[in-house]
Amino acid sequence: MNPAVSDSANALRELARAHLWHPYTPASAVDEGLPVIVAGEGPWLVDADGRRWLDAIASWWACALGHGHPAVVEAIRRQAAELDHCILGGLIHPRAAELAARLACRMPEPRVHVHFASDGASAVEAAVKIALQFHVNRGVTERTELLALENAYHGDTLAAVGLGFLEGFHAPFRPVVRPAVRLPVPYGGRDLDRCVAAARDAFASRRGRVAAVVVEPLCQGAAGMRMYPAGYLAALSDLARHEGALLIADEIATGFGRTGRWFAFEHADVTPDIVCLGKALSGGTLPISAAVVRDEVYATFAAPPPDRTFHHGHTFAGNPIAAAAALASLDVYEAEDLPGRAARMGVAMKERLAALHGAGGVADVRCLGLIGAVEFDGPARVRAVRDRLWARRILARPLGPVVYLMPPLNIAPDLLDHACSALVEAVRAAG
Ligand SMILES: *Cc1c(COP(=O)(O)O)cnc(C)c1O
């Protein structure tokens, strides 16, 4: 280890300790000394001491193409020189129009309008407000209730917190958020039919008052990669349609091939009214997100007077450089059929992790596409497994009792194999 380099890493740690507020990071972890990451190359993050870490969580599920993908870097470089920023309020720029059209083609029903935002949470905020105003536009003012799934996570702004309200995390904000009505989810031994019946009751007891049901399709990421059958999503879609409520699919974590299809809702063969996109939309390079809205909904905002303009927007919505990064990422997802590849590689991952069923301390092993999660029966084991993975420079970041792998979709097969065996060995050693 080069002492000069470590000195500079320590200097950065000092600056960070003094002034940098890390998201979702307890102060005690900062005091232990965090890794300093100075570069990214494909599936690797490189620290200040030159060590390479396998980015096994694709930097919070965003970097689906790994780091520094040449086609995306080149698109960013070119766009920055051509047009760095331009608002979408009252103006058009080429990359936003092209990206909206490209996303439309990926939807089951391409007659959609795309409302761009910057982070996932801001796309969710837009989607919720669009759903609420959609009903008002039609002269219906009673539809103000939102339904969401138990253990949902849709982001950290206040409306999104309302959808994913957790007493333990959000108690300080309770006075200013309105928690959504929560629907049970069929996992952990819960029966699908019973959950559907409970959802039907939740709609029926609020007949005419539900604006939308908001879901993470098939896999609830932040809840700990909790997976539920496609049949539940199909049933919720039917219920929403029957009850006159909108279906909002939050594909921010699952979109762009992660589950082995372009979008996770495709497993259930449903057509959501609004689809939220983010994270991998730009290959994880720049913040850009979107609410993709069916034209039946959009039309109520476009109808002539009175003014039904959607008075909502963010300064950097649809930023040209971020949109160029997204277009280049879509090219790669398509050219390399990364959704298909995720499905195939996911089979291999599932076979490797199956070795952990019944291992000491393991409560569950579950996989969907290139998401592989191991749930433990207690926190001590989670920490031990994480520490063993970190010792081998595999960057895992557990979610509660769950350690998971969610690598870049273009990870090489031998590297995926390496990550799986490291996880299997870490669990065995910890047990
Ligand atoms: C990460 C995530 C969000 C929030 O996205 P940010 O870009 O962090 O605001 C919303 N919904 C889901 C399902 C997510 O995984």
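As the structure lists them, so they are numbered: ligands from 1, and atoms in each ligand from 1.
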Undergrad: Mind checking whether H67 and H69 have ring centres under 6.0 Å apart?
TA: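 For H67 and H69, the ring centres are not under 6.0 Å apart.
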Undergrad: Please determine if R388 forms a cation-pi arrangement with W390, meaning its NZ or CZ atom is less than 6.0 Å from the six-membered ring centre and no more than 45° off the ring axis.
TA: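 So R388 doesn't make the cation-pi contact.
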Undergrad: Which of the numbered atoms in ligand 1 are below 4.0 angstrom from a heavy atom of A121?
TA: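 Counting from 1, the qualifying ligand atoms are 4 (C), 5 (O), 6 (P), 9 (O).
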Undergrad: Does K279, backbone or side chain, put an N or O under 3.5 Å from an N or O of ligand 1?
TA: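 Yes, K279 has an N/O under 3.5 Å of an N/O on ligand 1.
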Undergrad: Between R226 and E375, does any NZ, NE, NH1 or NH2 come within less than 4.0 Å of an OD or OE carboxylate oxygen?
TA: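 Salt bridge flag = no for R226 with E375.
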Undergrad: Can you list the atoms of ligand 1 that are under 4.0 Å from a heavy atom of D250?
TA: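 Listed by number with element: 10 (C), 11 (N), 12 (C), 13 (C).
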Undergrad: In terms of atom number and element, which parts of ligand 1 are under 4.0 angstrom from non-hydrogen atoms of W61?
TA: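 Once the distances to W61 are compared, the set is 15 (O).
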Undergrad: Near H154, which atoms of ligand 1 are under 4.0 Å from a heavy atom of that residue?
TA: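 Numbered from 1, ligand 1 contributes 10 (C), 11 (N).
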Undergrad: I'd like to know if R206 and E243 make a salt bridge, using a cut-off of under 4.0 Å between side-chain N and carboxylate O.
TA: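 Looking at R206 and E243, the cut-off is not met.
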Undergrad: Which atoms of ligand 1 sit under 4.0 Å from any heavy atom of G155?
TA: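 In order of number, 4 (C), 10 (C).
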Undergrad: Do H312 and F310 make the cut of ring centroids closer than 6.0 angstrom?
TA: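 Yes, the ring of H312 comes within the 6.0 Å limit of the ring of F310, centre to centre.
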Undergrad: Using a strict cut-off of 4.0 Å, indicate which atoms of ligand 1 neighbour a heavy atom of A253.
TA: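 Near A253, meaning under 4.0 Å from one of its heavy atoms, ligand 1 has 15 (O).
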